[in-house]
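Report on one structure; see the data block that follows.
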Protein chains: 2
Amino acid sequence: MTKPPSSQSGADLDPFEDFLCFSVYSTGLAFNRIYKPLLDQLGLTYLQYLAILALARQDGQTVGELGEKLFLESNTLTPLLKRLEAAGLVERRRSTQDERVVRVSLTAQGRRTAEEARCVPAELLESTGLSAEGLGELNEALKKLRGQLRPG
Amino acid sequence: MTKPPSSQSGADLDPFEDFLCFSVYSTGLAFNRIYKPLLDQLGLTYLQYLAILALARQDGQTVGELGEKLFLESNTLTPLLKRLEAAGLVERRRSTQDERVVRVSLTAQGRRTAEEARCVPAELLESTGLSAEGLGELNEALKKLRGQLRPG
DNA sequence: AAAGATTAGATCGTGTACGATTTAAATGCG
DNA sequence: CGCATTTAAATCGTACACGATCTAATCTTT
């Protein structure tokens, strides 16, 4: 492996300065890298962390409901949820009313992990040194953009 | 596969409203989904498209230089570049001065593909219906954020 | 020049993403 | 009721990401 991608404040090193899609993409990678060491301590990946948080807010969701919140589908979620189940953090049960549906709920250990995970973002945002207002505005702008980015 | 994640304008469907990292993450997924049908016509993935663009701006870059621009390392780039080579779009050659270094250059076909790829973002941004100023500001904010998100 | 350190890529294993397909269960409709 | 349609998950194949490790080439230092 080569050296980690280094920060470059020089002018012409980034040929995608004006590509919004690239800014979103690379900022996502950067977030992932920041989160990873914190989440490693919890034994979670970034997506697993999001899934656990979503279940902490509303337990017993179906795979489809979880997918709506995470903007993902069963082909991504099913393997992820099986890993969380293997790790003892969630339970997957077919609904008795509708056997097509799988409901996912946190185990006791899953709830403990969710509790620990809750304080991760605070540590992290503090380390960015950016203002709360600025981050809030950025968040709103991204949500609006995401809403516009719909196939069709 | 379930139905595609649907747009939801309701209030409480997204439990991560206030998570900037999630907004960045999910907007990245949304961009990917928008780009995919356009790039499928070129036979490129999103990352392959970025690599081709980077090479079109500066041909004959090393794997490491390319990685600095894309914020990626050889463990991601090497397989990607091999696929582009197999597709006949790039050539990979070890430098004769320093045999550790691999230089990547576009083939004639690669340059044609790069030319076609150049007009993709315009089509796309038009479809978002967002103002150029707003997108520019968002871009600046993201670049600043990305710059702050550094391990350590 | 020889030995150790550094560097550039490549390789490997795990975990997302996602299109396409499959399976099984529920629903609709004549 | 019976059968086509729809739906929810699961499965499969391909392509990223990335930590860890490996290999080979260059540099350092004596």
Side-chain angles (χ1 to χ4, degrees), chain A residues 1-6 25-37 39-40 43-51 61-68 70-87 92-104 151, chain B residues 1-6 25-37 39-40 43-51 61-68 70-87 92-104 151:
Chain A
M1 189 162 60
T2 55
K3 67 168 185 290
S6 60
Y25 166 77
S26 55
T27 304
L29 295 185
F31 258 125
N32 212 332
R33 287 172 195 140
I34 292 283
Y35 262 106
K36 194 170 272 267
L39 293 178
D40 275 353
L44 294 177
T45 67
Y46 181 62
L47 187 56
Q48 289 168 5
Y49 158 77
L50 292 175
Q61 293 184 72
T62 69
V63 173
E65 288 167 346
L66 218 43
E68 279 195 11
L70 298 171
F71 298 94
L72 292 170
E73 301 174 25
S74 63
N75 51 6
T76 299
L77 286 177
T78 296
L80 176 122
L81 293 170
K82 285 188 172 181
R83 278 183 221 104
L84 287 178
E85 186 175 46
R92 295 158 63 248
R93 262 192 308 263
R94 293 233 164 235
S95 162
T96 46
Q97 290 93 356
D98 186 339
E99 289 270 344
R100 292 172 301 178
V101 165
V102 169
R103 295 205 169 273
V104 187
Chain B
M1 188 162 61
T2 55
K3 66 170 186 289
S6 62
Y25 165 76
S26 55
T27 304
L29 296 185
F31 258 124
N32 210 332
R33 287 172 195 141
I34 292 283
Y35 261 107
K36 193 169 274 266
L39 293 178
D40 276 353
L44 295 176
T45 67
Y46 181 61
L47 187 55
Q48 288 168 5
Y49 157 78
L50 292 175
Q61 293 184 73
T62 69
V63 173
E65 288 167 346
L66 218 43
E68 278 197 12
L70 298 172
F71 297 95
L72 291 171
E73 302 174 24
S74 63
N75 51 6
T76 298
L77 285 177
T78 296
L80 176 122
L81 293 170
K82 285 187 173 181
R83 280 188 284 272
L84 287 177
E85 187 175 45
R92 295 158 63 247
R93 262 192 306 262
R94 293 234 163 234
S95 161
T96 46
Q97 291 93 355
D98 186 340
E99 289 270 344
R100 292 172 302 180
V101 166
V102 169
R103 293 204 171 273
V104 187

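Just so we're clear, the structure is a prediction, and the values are computed from it rather than from any experiment. Convention: sequence-line order gives letters A, B, ...; per-chain numbering from 1.
- Between A:Y46 and A:Y35, the two ring planes are tilted [angle within 30° to 60°].
- The line from CG of A:D98 to CZ of A:R103 is 9.0 Å long, rounded to the nearest 0.5 Å.
- Side-chain atoms of B:N75 and base atoms of C:dG9 include no donor and acceptor less than 3.5 Å apart.
- Checking the phosphate oxygens (OP1, OP2) of D:dT11, a side-chain nitrogen or oxygen of A:K82 falls inside 4.0 Å.
- The nucleotide whose nearest atom lies closest to any side-chain atom of B:K36 is, among C:dA25, C:dG19, C:dC12, C:dG19.
- Take the nearest nucleotide of DNA chain D for A:L77 and for B:S95: the residue whose nucleotide is more 5' is A:L77.
- Where B:P79 and A:Y46 meet DNA chain C, the nucleotide closest to each residue was compared, and B:P79 sits on the side nearer the 5' end.
- Looking at heavy-atom distances under 4.0 Å, B:Q97 makes contact with sugar-phosphate atoms alone, never a base.
- Between B:L77 and B:V104, every side-chain heavy-atom pair lies at or beyond the 4.5 Å cut-off.
- Between A:T78 atom OG1 and A:R83 atom CZ the span is 10.5 Å, to the nearest 0.5 Å.
- Residues A:P79 and A:S74 approach most closely at CD-O, 3.9 Å, considering heavy atoms.
- Rounded to an integer number of Å, the gap from CZ of A:R93 to C1' of D:dA8 is 18 Å.
- With rounding to whole Å, B:R92 atom CZ is found 9 Å from C:dG9 atom C1'.
- Contact check, B:T45 against D:dC16: a side-chain N or O comes under 4.0 Å of OP1 or OP2.
- For B:L72, the listed nucleotide lying nearest its side chain is D:dC18; candidates were D:dC18, C:dA17, C:dG15.
- Of the candidate nucleotides C:dC18, D:dA9, D:dA15, D:dA9 has the atom lying nearest to any side-chain atom of A:V101.
- What separates CZ of A:R33 from P of D:dC16 is a distance of 15 Å, to the nearest Å.
- Atom-to-atom, CD1 of B:I34 to P of C:dC18 comes out at 12 Å; the value is rounded to the nearest Å.
- A close approach under 4.0 Å does occur between a side-chain nitrogen or oxygen of A:T62 and OP1 or OP2 of D:dA9.
- Residue B:R83 contributes atom CZ, which lies 8 Å from atom C1' of D:dT14 at whole-angstrom precision.
- Heavy-atom nearest nucleotides on DNA chain D were determined for A:Y25 and for A:L81, and the one closer to the 5' end corresponds to A:L81.
- Of the candidate nucleotides C:dT11, D:dA17, D:dA8, C:dT11 has the atom nearest to the side chain of B:T78.
- Note: CG (B:D40) to P (D:dA15) measures 12 Å, nearest angstrom.
- Contact annotation: the side chain of A:L66 approaches that of A:L81 to within less than 4.5 Å [non-hydrogen atoms, C-beta and beyond].
- Between the P atom of D:dT5 and the CZ atom of A:R100 lies a distance of 17 Å, rounded to the nearest Å.
- Residue-level contact check: B:T76 touches the bases, meaning some heavy atom is under 4.0 Å from a base atom.
- Residue B:L47 contributes atom CG, which lies 19 Å from atom P of C:dT16 at whole-angstrom precision.
- Residue B:L29 is in sugar-phosphate contact alone, with no base atom involved, counting any heavy-atom pair closer than 4.0 Å across all strands shown.
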